[in-house]
Amino acid sequence: MTPLIIVDDLTKEFLHAVKKPGLTGSVRHLLRPEYEKKTAVDRISFSIDPGESVAYVGPNGAGKSTTIKMLTGILVPTGGKILVNGVIPYKQRIENAKNIGAVFGQRTQLWWDLPVRESLSLLKAIYEIPEREYKRNLELFTDILNLGEFLHLPARKISLGQRMRADLAASLLHNPKVLYLDEPTIGLDVSVKARIRQFIKQVNQESGTTILLTTHDMEDIEDICKRLLIIDQGRVIFDGELQAVKDAFAQERTIHFEVRAPLHLAEDALHNQFPGAALHIQNEGSHCSIQFNRFHLAAGEIIEFMMKRSDVVDIHIDEPSIELVIRQIYESNLNNQRIIV
Amino acid sequence: MIAKWVKMLLLYVRFMKANLIALLEYRLDMMIMIFSSALIHLLGLVFLWVIYQRVPDINGWGLWEVLVVYAMVYVTEGISSFLFEGSWMMNTLVNKGLLDNFLIRPVSPILQILSSRIGVNGIGNILIGTAILIQAVSHISMHWTIPKIIMAVVLLVSAIIIRSSIKLASNSSVFWTQNPGSSFPFMIHSIGEFAKYPVSIYNTVIQGIVTVVVPFAFVSFYPAAYLFDKEVFRYWGLLTPVVAIYCAIGAVTIFNYGLKRYESAGN
Ligand SMILES: Nc1ncnc2c1ncn2[C@@H]1O[C@H](COP(=O)(O)OP(=O)(O)OP(=O)(O)O)[C@@H](O)[C@H]1O
Ligand SMILES: [Mg+2]
């Protein structure tokens, strides 16, 4: 399969004006402007196959939005190559625009003063969407995203959650091959988030739309994406299956037990049988938890061990959240090297 | 090819209609805009009238002829701002990163910028300008032949193109200045004031500027000189369509060149 998106050694530098503080600083800058170079994206390479759903994550200022702006053709790269569906976005903007949809969570692409329905109908004209396709999509989106209640209102009068749903519909009316989402769930309540995730997943699975998603919400990633691309300071530091990251970094498991009679268990007894496991006893012995590495010990053995020693009322098993895993990766990435799992 | 241009035209009309719908929500503002700009221009008329009370003609141009020049400025400015007022949005679009939206749609960004606003204040200019033009022409004894009428239309269209191109080109400076309050386009715009009067009254430097550097003289004076058969200048008038094409190509080139520098906005 030829990749849909090919990014090779992509670089973007911005010039930031260096101004000394105060009026003299401003005047001096006017006379002899000084700039410093800021490399937002630093020789990034990756490729994405048709139908993939990729999470593009990294700390604030990592260069995620900048990458998406180059992929959509908004920004001209300083160096490197991009090919999206065989088209160079910044050179063949119009050709590229036909293949893509984009949602920037921070900003709407709807017309501020127009009723949402008008905005969508303008997009129909812009993308030359055939009447039947338009009708079908509008009906479908209205149904799933519940647009009906605000289609008649201008964009400036609808809530953030409504706006994001409308923007999502607007970006997909023309059935694009790729959908870029830059923080599509920012500032939304849990139920709107869930609805949006469900919708994106459906678009990915049923229409085969390729998804590149930027977010700081780890649930977005787990819900929608199969692949994880992590960047930091403009460099790709991880690229692989979400499951592989979890296997590599989320090896810790914790089993929580609730027991009927207070538990009297010495840490030594546990260690003798299970070296490397850690025991925590809380609530005067009515609750306890055991932490272990899932590649060294089996949960079953530990549960059996506990069942023999006490009257277990309740059990549940925790795995580290993807959030924790990614935080570990951000934090361990001190020397900015690519992490290999 | 033709289909593409028709599509662009239809989109233009739709965008303008959208602007109008949005604008109608602020009806009072709209009325004020139409009348205030018309009023300012009436003041200019009074000024001309006062001058011609004292002198019968200026450099061989009588009152009614000068009024044609004057009216040409208003009509072309009116039409240009009614249709292409969007150029003035560039500062906001670029500095706030709103151009992003235009760049991810399969339509020329220039078309989207030009149609991003409707200049209702242009209506006032068009009305007053046309009224003056009709009055002035009816006071000038001129032999109107069909070729002359066709030429007059060509000159008018060229004049609108020149004006709109200058507006687009000067506003494209925002790609370089990156200064939210840049006054450069306004400065260029005000050079257009010189074109309200026969350029023969100015010294060569100003004549050079309004002929070559920012060719506002082709919006009003040279076309009028051609129509009224005024000495040397009438030949310049014939150049108007060429200047229009040159300006349009120049403006698009400057815009596209600047667009490569567009940096969007960090959030
Ligand atoms: N328009 C711009 N002009 C100048 N510098 C910019 C611009 N946009 C981004 N940058 C710089 O590039 C770097 C990367 O920014 P970018 O917006 O791509 O980060 P991000 O990964 O999207 O971060 P966040 O998670 O906060 O959205 C930052 O240091 C930022 O200051
Ligand atoms: Mg961002």
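Proteins get letters first, then strands, A, B, ... in listed order; numbering begins at 1 in each.
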How many angstroms lie between [atom1] in [X] and [atom2] in [Y], if you round to the nearest 0.5 Å?
X        : Y        : atom1 : atom2 : result
A/Ile74  : B/Glu263 : CD1   : CD    : 13.0 Å
A/Leu75  : B/Leu103 : CG    : CG    : 9.0 Å
B/Phe102 : A/Gln109 : CZ    : CD    : 11.0 Å
A/Trp111 : B/Ser116 : CH2   : OG    : 11.5 Å
B/Arg14  : A/Ile126 : CZ    : CD1   : 8.5 Å

Could you tell me whether the side chain of A/Asp113 and the main chain of B/Leu23 form a donor-acceptor pair under 3.5 Å?
no

Select, from [options], the one with the greatest count of heavy-atom pairs under 4.5 Å involving chain B.
options                                : answer
A/Pro154, A/Ser119, A/Gly101, A/Ser121 : A/Ser121
A/Pro89, A/Ala97, A/Gly61              : A/Ala97
A/Arg156, A/His174, A/Glu95            : A/Arg156

Heavy-atom proximity to chain A below 4.5 Å, by part of B/Lys96
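The backbone, not the side chain.
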
Heavy-atom distances under 4.5 Å only: say whether B/Ile104 touches chain A with side chain, backbone, both or neither.
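For B/Ile104, backbone and side chain are both near chain A.
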
Contact origin within [X] toward chain B - heavy atom pairs under 4.5 Å:
X        : result
A/Glu128 : side chain
A/Thr66  : neither
A/Leu15  : backbone

For B/Tyr246, is the OH atom crowded, meaning more than 12 foreign heavy atoms sit under 6.0 Å from it?
no

Can you tell me if B/Lys7 has over 12 outside heavy atoms packed within less than 6.0 Å of its NZ?
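Correct, the count exceeds 12.
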
Heavy-atom pair count under 4.5 Å with chain A, highest-scoring of [options]:
options                      : value
B/Arg105, B/Lys260, B/Arg261 : B/Arg105
B/Pro109, B/Ser108, B/Pro106 : B/Pro106
B/Asp100, B/Ile21, B/Leu11   : B/Asp100

In the structure I gave you, are the side-chain heavy atoms of B/Leu259 and A/Tyr90 within less than 4.5 Å of one another anywhere?
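B/Leu259 vs A/Tyr90: side chains apart.
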
Considering all heavy atoms, the nearest A/Arg107-B/Gly97 contact
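What the structure gives for the nearest pair is NH1-O, 3.2 Å.
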
Is there a side-chain contact (heavy atoms from CB on, under 4.5 Å) between B/Asn101 and A/Phe104 once you walk through the steps?
CA-CA 10 Å; B/Asn101 278 345; A/Phe104 294 92; 5.5 Å; no

